[in-house]
2 protein chains.
Amino acid sequence: MERKYNFSAGPGTIPVEVLEEAQREFLVYREAGASVIEISHRSPEYTAIAESARSSLRSLLGLSEDWHILFLQGGASMQFYQIPLNFLREDQSADYLVTGAWSKKAVTEAKRFGRANTAASGADVDFKAIPDPTTWDLTANAAYVHYTSNNTIFGTQYPSEPVTEAPLVCDASSDFLCRPFNVDGHGLIYAGAQKNIGPSGVTVVLIHDDFFRTRKDDIPTMLDYGTHVEKLFNTPPVFAVYLVEKVLRWLKNLGGLEAMENRNVAKADVLYERIDRTDFYRGTADRDSRSLMNVTFRLESEELEVEFIAEAKRNRLLALKGHRSVGGARASIYNACTLEAVDALVSFMDEFEKEKG
Amino acid sequence: MERKYNFSAGPGTIPVEVLEEAQREFLVYREAGASVIEISHRSPEYTAIAESARSSLRSLLGLSEDWHILFLQGGASMQFYQIPLNFLREDQSADYLVTGAWSKKAVTEAKRFGRANTAASGADVDFKAIPDPTTWDLTANAAYVHYTSNNTIFGTQYPSEPVTEAPLVCDASSDFLCRPFNVDGHGLIYAGAQKNIGPSGVTVVLIHDDFFRTRKDDIPTMLDYGTHVEKLFNTPPVFAVYLVEKVLRWLKNLGGLEAMENRNVAKADVLYERIDRTDFYRGTADRDSRSLMNVTFRLESEELEVEFIAEAKRNRLLALKGHRSVGGARASIYNACTLEAVDALVSFMDEFEKEKG
């Protein structure tokens with residue numbers, strides 16, 4: 001049983017050092033006398049884990065004490081609903097920048113509450129590019145502007161954080177902590193953990209207190225951010241938070257977000273360079289919008305793509321199939337993916353082209 | 001680092017065989033080439049895990065194909081809201097049997113939708129007994145009757161499933177699969193996994209198709225049971241479901257729910273017998289309502305209780321403190337708690353009484 005090179009789009013690969021540490025202490029967590037999954041979420045041990053995870057997030061992103069840090073359940077999909085439920089009044093607009101499947105889903109849920117305005121959409125170019133900011137049709141006095149910083153399915157990513165008058169709300173699920181991030185101007189940032197910072201089952205939600213205070217009254221208990229800001233209301237997903245804490249520590253020890261960016265840029269450069277070198281592989285995203293995290297490409301035919309993915313798997317390169325809605329190939333090279341893995345993929349791509357090209 | 005006897009009320013103890021198996025395959029899951037937490041939730045591996053968990057539930061509870069089996073996030077607390085959101089219309093009543101803190105919370109969320117009628121309440125006897133069915137004030141044509149089969153905080157449990165005209169909705173979080181359970185008459189049964197069947201982060205929801213079909217239209221996507229009945233909509237809490245699958249298999253291999261009941265009755269008998277033997281320990285629940293899962297008791301003074309709990313911890317007996325809202329001592333002896341653990345606790349109780357009595 002050996003570990004292979006894993007390019008899964010999510011749940012994605014996790015640093016092997018983190019897995020090994022978790023494995024070692026899986027039966028007995030430190031002095032607890034029990035596994036970390038068997039202890040109370042109100043125990044000093046879990047409290048320390050959650051606090052350490054929060055403290056790492058504050059230090060990595062430079063978050064002041066004005067930011068609330070929550071570990072919620074339900075994934076980004078639940079946030080699509082919970083955000084307008086808390087922050088969009090009937091007589092208000094919220095602007096949505098639609099850059100793919102996930103932002104479209106976010107708009108759908110927001111329409112239940114107020115005017116959810118599609119201020120920009122990449123639909124007319126099949127989402128292969130992030131719409132140019134000069135074309136955005138933003139609303140005056142919008143409650144917020146929602147964007148998806150990276151689009152897993154289409155392999156696109158905002159080159160930098162947007163700048164808007166209204167508070168930004170960012171779905172950062174698939175590129176969270178992949179590089180330095182300017183939180184200024186943001187009211188809320190959320191990320192399902194299962195791509196860049198841990199396993200599935202927990203969603204990190206960061207809310208600036210100024211934005212938090214604009215939320216509506218009389219929200220159902222579990223869906224009211226106030227419930228979770230105030231206290232640990234019910235049992236959190238302990239094991240998921242525990243692993244997130246370890247991944248964040250790993251990231252800090254690597255040197256934080258700048259070091260991570262260097263590493264991610266190096267990986268992406270190698271891979272895009274390989275794609276661009278010949279016409280055998282064709283990148284699907286516009287160069288200016290290319291993602292550091294999800295590298296999407298096509299081959300000449302669907303038959304050849306199927307062969308490529310299957311042959312890669314036989315060569316210990318896992319999960320290179322594109323999303324079922326768009327086809328093609330996709331290599332997700334999240335934070336925990338190593339340069340070694342990317343090099344192995346590039347070598348295989350060379351071989352495959354030599355054989356089939 | 002040794003494992004101690006763990007009486008945590010939740011997250012609770014997990015069979016050590018299950019933990020050991022999960023530890024062994026933590027870095028590489030079978031042929032997957034990656035940890036189970038690093039693989040796609042649409043992979044054949046995860047699909048097989050979820051199917052096996054469903055199949056175990058069907059076989060343990062004798063569920064026909066008319067039952068939908070969902071693995072959701074958000075805990076029982078989210079179900080308190082999601083159930084009336086889906087099933088309680090404005091012009092309808094739902095009956096709630098209030099037997100403790102959790103059922104009270106369930107009523108609060110239901111009041112947002114229709115008439116949430118408290119058909120019975122144990123409040124006047126400080127929840128030390130399950131109200132007698134002959135005293136229940138049920139509503140004609142109620143959408144459903146909600147009850148909490150076991151009350152973790154007060155140490156009470158329904159002696160058997162209620163019988164009502166309206167469909168039953170059961171919060172079985174703290175005694176799920178502790179003994180044979182008659183699903184007839186139920187429309188929906190839900191249970192946070194973290195007490196009897198796994199770690200925190202997943203809630204099992206069983207819905208009978210007849211009841212499912214009575215749900216309202218136009219429910220927000222993630223909160224609509226229909227979304228999850230139809231397909232795997234978004235990333236599930238993979239690791240939690242994976243462990244639940246193992247615990248269910250463990251339970252089947254033990255002999256199923258009848259064998260489990262025998263084991264649970266044996267443990268509870270030993271412990272209640274010890275409590276009743278002298279006046280030093282005083283059980284807090286009425287005998288007819290005593291829980292097989294959470295054994296709650298008091299000592300003569302709060303000081304003595306503090307000493308008891310601390311001294312127990314020094315003797316490798318963990319988490320015996322009662323819930324912060326009621327005080328006293330509580331031994332949670334869920335399915336995975338062994339008779340050996342209960343025997344160790346009883347011996348300690350004998351010693352402690354000898355010393356302090």
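Excluded from the calculations below are hydrogen atoms, water molecules and symmetry mates; all remaining heavy atoms, backbone and side chain alike, are included. Throughout, a chain's letter reflects where its sequence line sits, starting with A, and its residues are numbered from 1.
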For B:V16, which atoms come within 4.5 Å of any heavy atom of chain A: side chain, backbone, both, or neither?
side chain
Would you say that B:L19 contacts A:I37 through its side chain, given a criterion of any heavy-atom pair below 4.5 Å between the two side chains?
yes
With a 4.5 angstrom heavy-atom cut-off, is it the side chain or the backbone of B:L85 that approaches chain A, or both, or neither?
neither
Let's test your reading of the structure: which of B:A22, B:A319, B:P237 forms the most heavy-atom pairs below 4.5 Å with chain A?
B:P237
Anything under 3.5 Å between chain B and chain A that's a donor-acceptor pair? List each one with its distance, please.
unit_1 : atom_1 : unit_2 : atom_2 : d
B:R3   : NH1    : A:L27  : O      : 2.8
B:R3   : NH1    : A:E38  : OE1    : 2.8
B:R3   : NH2    : A:E38  : OE1    : 3.2
B:R3   : NH2    : A:E38  : OE2    : 3.0
B:K4   : N      : A:G33  : O      : 2.8
B:N6   : ND2    : A:E38  : O      : 3.0
B:T13  : OG1    : A:E38  : OE2    : 3.2
B:I14  : N      : A:E38  : OE2    : 2.7
B:Q23  : O      : A:Q23  : NE2    : 2.7
B:Q23  : NE2    : A:Q23  : O      : 2.7
B:L27  : O      : A:R3   : NH1    : 2.8
B:G33  : O      : A:K4   : N      : 2.7
B:E38  : O      : A:N6   : ND2    : 3.0
B:E38  : OE1    : A:R3   : NH1    : 2.8
B:E38  : OE1    : A:R3   : NH2    : 3.3
B:E38  : OE2    : A:R3   : NH2    : 3.0
B:E38  : OE2    : A:T13  : OG1    : 3.2
B:E38  : OE2    : A:I14  : N      : 2.7
B:Q73  : OE1    : A:G74  : N      : 2.9
B:G74  : N      : A:Q73  : OE1    : 2.9
B:G74  : O      : A:N234 : ND2    : 3.2
B:E109 : OE1    : A:T221 : N      : 3.4
B:E109 : OE2    : A:T221 : OG1    : 2.2
B:R112 : NH1    : A:D218 : O      : 3.3
B:R112 : NH1    : A:D218 : OD1    : 3.3
B:R112 : NH2    : A:I219 : O      : 3.2
B:Q194 : NE2    : A:T235 : OG1    : 3.3
B:S200 : OG     : A:P236 : O      : 2.7
B:S200 : OG     : A:V238 : N      : 3.0
B:D218 : O      : A:R112 : NH1    : 3.3
B:D218 : OD1    : A:R112 : NH1    : 3.3
B:I219 : O      : A:R112 : NH2    : 3.2
B:T221 : N      : A:E109 : OE1    : 3.4
B:T221 : OG1    : A:E109 : OE2    : 2.2
B:N234 : ND2    : A:G74  : O      : 3.3
B:T235 : OG1    : A:Q194 : NE2    : 3.3
B:P236 : O      : A:S200 : OG     : 2.7
B:V238 : N      : A:S200 : OG     : 3.0

For B:V229, side chain to side chain contact (heavy atoms under 4.5 Å, CB included) partners two or more places apart
B:H68, B:L70, B:F212
Looking at B:L243, B:V238, B:L27, which makes the most heavy-atom pairs under 4.5 Å with chain A?
B:L27
Most heavy-atom pairs under 4.5 angstrom with chain A, which of B:G33, B:G12, B:A76, B:G198?
B:G33
Which bit of B:A336 is near chain A, if near means a heavy-atom gap under 4.5 Å: side chain, backbone, both or neither?
neither
Options B:G10, B:P220, B:G201, B:A34, ranked by heavy-atom pairs under 4.5 Å with chain A, top entry:
B:P220
Taking the inter-plane angle between the rings of B:F26 and A:F239 on a 0 to 90° scale, is it parallel (under 30°), tilted (30 to 60°) or perpendicular (over 60°)?
perpendicular
Can you tell me which of A:G74, A:G75, A:P199, A:A240 forms the most heavy-atom pairs within a distance under 4.5 Å of chain B?
A:G74
Proximity breakdown for A:A9 and chain B, heavy-atom pairs closer than 4.5 Å
neither
Which region of A:L223, side chain (C-beta onward) or backbone (N, CA, C, O), has a non-hydrogen atom less than 4.5 Å from a non-hydrogen atom of chain B, or is it both or neither?
side chain
